[in-house]
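Working notes, structure below.
Chain A is the first sequence line, chain B the second, and so forth, proteins listed ahead of strands; every chain is numbered from 1.
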Amino acid sequence: MKKKRPKSLVLFGNGINCEYETAYANRLAGFDTTILHIDRLMENPKDIHRYAFINFPGGFLDGDDLGSAKAQAVKWRYQKLRSSTERFVDELIRFVADGRILLGICNGFQLLVKTGLLPAAGGEYGRQTVTLTSNDSGRFEDRWVYLKINQLSRCIFTRDMDKIYLPVRHGEGKCVADGRETIGKIKEGGHIVLQYADEKGNVTGEYPSCPNGSTEAIAGLCDSSGRIFGLMPHPEGFIHYTQHPRWTREPVEKSGGDGLRIFRNAYRFISENQ
Amino acid sequence: MVYRIEVSCREQVRDVAGEKLKKRIKADFGIDVVAAHVVDVYTVDADLSPGVVDVLRKDAFVDPVIHQGLTNRPTFIDADWVIEVGFKPGVTDNVGRTAKEVIEAIAGAPFGNGEGVYTSKMYFLKGPLDKEGVVTIAEGALANTLINRYAYKTMEQYRNDNGMGVYVPKVSIAARPVVETFDLNMDMERLMQINRERTWALSRDELVTIREYFNRKDVIEERKRAGLGAQPTDVEIEVLAQTWSEHCKHKIFNAAIEYEEDGRKESVDSLFKTYIVGSTERIRKQKGKRDLCLSVFKDNAGIIRFNRRYNLAFKVETHNTPSALDPYGGALTGIVGVNRDPFGTGKGAKLIFNTNVFCFAYPDHRGVMPPRLLHPKRVLEGVREGVEHGGNKSGIPTINGSLVFDDGYLGKPLVFCGTCGIMPRTINGEPTQHKEARKGDIIIMVGGKIGKDGIHGATFSSEELSEVSPTSAVQIGDPITQKRMTDFLLIARDRGLYTSITDNGAGGLSSSVGEMAQDTNGCMIDLEKAPLKYQGLSPWEILLSEAQERMNVAVSPERLDDFLALSKEMNVTSTVLGEFTDSGKFHVRYKGETVACLDMKFLHEGLPKMNLKARWERKIVDEPPIPPPEDHNSLLRSVLGRWNVCSKEYVVRQYDHEVQGGSVVKPLTGKKNSGPSDAGVVRPDLDSFDGVVISHGICPKYSRFDTYHMVACAIDEAIRNNIAGGGSLKAMALLDNFCWSDPVSSEKNPEGEYKLAQLVRANRALYDYTTLFGTPCISGKDSMKNDYIFNEIKISVPQTVLVSAISVIRDIRKAMTMDLKEAGDVVIVVGKTYPELGGSEYFSMMGKSGNIAPKVRGSVAKKTFAGIERAIGLGIIRSCHDVSDGGMACALAESAFAGGLGIDADLAKAPQIGIFRDDFLLFSESQSRFIVSVKEKDLDRFQEIFRAVPYGVIGTVRADGRFRIRGLDRDVVVDTEIDALFDAWQRPLREMFK
């Protein structure tokens, strides 16, 4: 009998715009994937518990009008769910506590940070301690970056990975913490998953290898469980070799890009822990 | 109660926006401010609990990690001046709209009537500034007085006043909605005066035709029955003026033209039908079963076949006049506006890529700007940002485009925005290229609300820009409202909930419902049902408003409940406005009273045909030849650094060119991801290797010689770029956009006959070359009044045609890029070079005309394209770059530095005729040429394919970065490093926007 594929959810609507390729990457990795509108989900928020894996894709939630992903984050932290005193963010915390996994990409990462789900050092979910704000260049930029994976991180999405190459496409990707104490905690707690690096894999804060001036060259963070992961680069932007900017001139692995490995790790984790 | 919440960066936090402003003040005005800081202001006019206001200040409007917020207390920052800039009442405030939604979510209750949120920004400047300097900065960089209000104070005054004070830019229109009537049987001069005052832009002939219509006995009778008097209402005249505008009816392209050349006379009945439709029809007939076209010239976009599952819909539009007045808002509206074209074509298409071509005056322009014009650098930056926000926020990749510079664009920039969409070939068994409203279908408007935005856009863009241009003609788009709407409509489409769809663009409801109503021959609209942004709009304003983010659909009564339920679920406003009828009337009511009742036939076919004269003359400049250059190295660097040649990376990087995951060839390519791609390649369906290659050609610099050859070159360039990217000539379609300087002769436009002759010749070339290449135009657009007139000053754009090309390929894994790949490969120039330096970058730099501009030798060009296509398909070609601005020298340099490899080349081996000077051979811009590289072992196979096409093996690829070219007499004439060439090419925009 054919093995039942684990279910994953990809949100869309209100300005999210990478749902198509994010869902595609999910399916390539082995998931049975549903794309669902945020407003639709808010009608029955408990539906998230039917899935093993939730993706918050890239885009411009509410146009990033109050700052990237800010308006949606505020709604999820303040708006009471239908006939309940709970908020959606509580539902998400429960989802992760159940051993399931969340991935926030670009705008989705900004959303996770601003809802306080990342980095949530010391398990303090729901309080925002870092932010993602305007790049030092003051510009939105689309460029490919090398990323070094922190081998000490507990992130389940980056297992067996060391150096990867992915596109960034953002104007607000500079990671800033609310103080030294937080930086200390996220370093010691293994919350730093990805850092911008040069071609050789050495971590660097130099532009343009580091496109935004991030503290500690941070490109991605996880929570202390390693099951919530957010990153500014787009893993769904490199799931086939023809997406690589130099595939017409360099030998590029034909069996799937660096980004696909992140989704495959998600699949592996769910398969092993179901 | 009004709350003013100010949000500023905490002290230790870097204020990136402030730093950017400081740099800009230095670059644009030469003023060294010591510090600049930006503070966001939210003016909330609503009844809120103190708890909610506290959340806004501490959390919702601030980022608690980096910001601090103050409610009804002024922010103090060390500065000398404070400037505050906000919107004028009624201007779209996207951030204000989102802020309102957030407050409603926190408070758990919707805003009451008249409550709202308004945003503004405060700029704190420290430095040696006087009042004049502050005004210069405010008006030159921060506020566009057309849409913004601004105020400024010295810090002392700010302190004394305890802040800037509170201002609520609420719209209050005292006037009550009225319907006026006009007695058209008045003196013609008086009528023409009213025509001007009301921006109807009707001609004398048209006014006479309208007068005759309303004087007809049968019309008077019928109108009486509908409850109308003998005199037409303002609603009726406005509808006619809009429907008959140049913008909507393309009167010049449909005119009867008497063309004269060297004493010979010829008449052309409609350039559009004769040349554009004529060429496409002929090509389609010739192609027979291989014809790609599914719907041409009749819908909002052209539709071609993509593969067994999908069709493509493609459209390119211009948004020139609004972009001249408000570059940001104009360009933003341009891109989100053209998005609605393929979206509203057939049953509706999902959008897969954007393409943008901008024409500006030189950004380093010096000299006094004529009244009402903005400096070209500001126009460039505003347009760039508008398209950035429109494209990126909509999640549509921008995969192709260019920037073109010419002094003639000082009066009006040209902003071409294009979008391609993909649609399943059939939905619920019905072919998607067809749509048809049926009698009894409900008219539903979907999306945003109606305000005074963009009223008279259609008639206004049909006139030149002048001191009386109305300010209301500017709209600001909102990509997120549009994204919500398109997300919803695509689901409605797949469920078969509507029978027809179209967008609300120029002319608003008047145009969109008027067009849809042609399916059933009539409609009935009840205008008071339309959702308004604010009260006080008269019926004609509701009908003509160009407020953005709106589509119209026709829904059958049985599906109405389903449609409205889905709309509600997805948080999108849908409003029933009326129904389609077969009454033969365009019938409009307001609160039950008829305010317009026009015959559909008269509305759409009553327009009198224009009769125009065209006279062609050749213009030759007598000039001495230029002396040979002393140093070809520095000459090459100078040409690479010309505005029309240099790297556009500054702009390209700020556009997302990869979203949706189908990116195959990106606009920047090569070893450092920064070489200039000739074409973009996308894979819209990730389950298939089928792809779309997109490119364009534009060469207005040749227009002053002969627009016939200008168009031939633009077509050649578009195809050439497409083929260079791996495109296919057999499966290619084109799209034409004409942007002309007024070709209608009059007292104030004595050049009109010549300009019309230029238009005729341009069309002839379009016919000749598209039929030769077998590449049909599937859609297009014209914009005929690209002039600026102010008293004695007249600035006209150079006659411009943008040709966009899309082709369908079956294997994106064979797509091609322009960067040299490997040392030892041989470098070949394909195509012959002629002494064609007229209009070239080289001669323009030397201040010369050159007289002889490039021509396209069509049959050789076609063989060349076929050869390249075949050789790429067989995998023989390793890099392929088109030769265009800056000639062979620049193409070789670009391929070299993009590949990070040098070249040894020998000019004597390049095929050419009649050239005796190295500089001419290096910089001639002859058409249909390519620089390709192949493996040495593949040379025989290459030769086999190119038997009938001139080419020359001119050199080899070096492992190091040395770039060396021998001249016609074998001396080394260029000897330099690729890094130096790359730097010269990258420098101009990089330095300007440091």
- Message: Please tell me whether B:D59 and A:Q128 have a donor and an acceptor in their side chains that are separated by less than 3.5 angstrom.
- Response: no
- Query: Under a 4.5 Å heavy-atom cut-off, does chain B meet the side chain of A:E19, its backbone, both or neither?
  - Reply: side chain
- Item | Which atoms of A:H240 approach chain B - backbone, side chain, both or neither, heavy atom under 4.5 Å | side chain
- Return yes if some donor-acceptor pair links the side-chain N/O of B:K666 with the main-chain N/O of A:Q243 below 3.5 Å, else return no. yes
- Query: Can you say whether A:T248 sits under 4.5 Å from chain B via the side chain, the backbone, both, or neither, judging by heavy atoms?
  - Reply: both
- Check for a donor-acceptor pair, side chain of A:W247 on one end and backbone N or O of B:V664 on the other, with a separation under 3.5 Å. yes
- Query: Measuring heavy-atom distances to chain A, does B:T481 have an atom under 4.5 Å in its side chain, in its backbone, in both, or in neither?
  - Reply: neither
- Message: Evaluate B:R653 against A:R139 for side-chain contact (heavy atoms from CB on, under 4.5 Å), listing each step before the verdict.
- Response: CA-CA 9 Å; B:R653 283 251 175 265; A:R139 292 175 196 158; over 6 Å; no
- Item | Any side-chain heavy-atom pair of B:N673 and A:R246 under 4.5 Å | yes
- What part of A:T129 is in contact with chain B, defined as an atom under 4.5 angstrom from a non-hydrogen atom: side chain, backbone, both or neither? backbone
- Taking the side chain as every heavy atom from C-beta outward, state whether B:E569 and A:H37 have any atom pair closer than 4.5 Å. no
- Message: Heavy-atom cut-off 4.5 Å, strictly under: side chain, backbone, both or neither for A:A73 against chain B?
- Response: neither
- Query: Has B:K350 got its NZ or CZ under 6.0 Å from the middle of the six-membered ring of A:Y20, at an angle within 45 degrees of the ring axis?
  - Reply: yes
- Pair count under 4.5 Å, heavy atoms only, with chain B: among A:Q79, A:K80, A:R169, A:R77, highest is A:R169
- So which part of B:V13 gets closer than 4.5 Å to some heavy atom of chain A, the side chain, the backbone, both or neither? neither
- Item | Pairwise distance OG1(B:T817) to CZ(A:R249) - rounded to 0.5 angstrom | 7.5 Å
- Message: Can you tell me which portion of B:L820 sits under 4.5 Å from chain A's heavy atoms? Options are side chain, backbone, both or neither.
- Response: backbone
- Item | Proximity breakdown for B:N392 and chain A, heavy-atom pairs closer than 4.5 Å | both
- Note on the structure: To the nearest 0.5 Å, atom SG of A:C106 lies from atom CG of B:D656 at 8.5 Å
- Candidates B:R484, B:K393, B:R97, B:K483 - the one meeting salt bridge (Lys or Arg N to Asp or Glu O under 4.0 Å) with A:D62: B:R484
- By a 4.5 Å heavy-atom criterion (distance strictly below it), what part of B:K23 contacts chain A: side chain, backbone, both, or neither? neither
- Note on the structure: Correct closest heavy-atom pair for B:V16 and A:G138 would be CG1-CA, 3.5 Å
- Task: Mark yes or no for whether A:K75, through its side chain, and B:A105, through its backbone, hold a donor-acceptor pair below 3.5 Å.
- Result: no
- Task: Heavy-atom distances under 4.5 Å only: say whether A:I16 touches chain B with side chain, backbone, both or neither.
- Result: backbone
- Item | Contacting region of A:N135 [heavy-atom separation from chain B under 4.5 Å] | backbone
- Message: Is it the case that atom CD in A:E181 sees more than 12 heavy atoms from other parts of the structure closer than 6.0 Å?
- Response: no
- Output for pair (B:E658 CD, A:R143 CZ), nearest 0.5 Å, gives 11.5 Å
- Item | Structural part of A:F12 lying under 4.5 Å from a heavy atom of chain B | side chain
- Query: Do the side chain of B:K20 and the main chain of A:S137 share a donor and acceptor less than 3.5 angstrom apart?
  - Reply: no
- Message: Tell me whether the count of non-hydrogen atoms from other residues, nucleotides or ligands lying under 6.0 Å of CZ in A:R40 goes above 12.
- Response: no
- Message: Using the rule side chain to side chain donor-acceptor pair (under 3.5 Å), only one of A:D64, A:D65, A:N14 pairs with B:T98; which is it?
- Response: A:D65
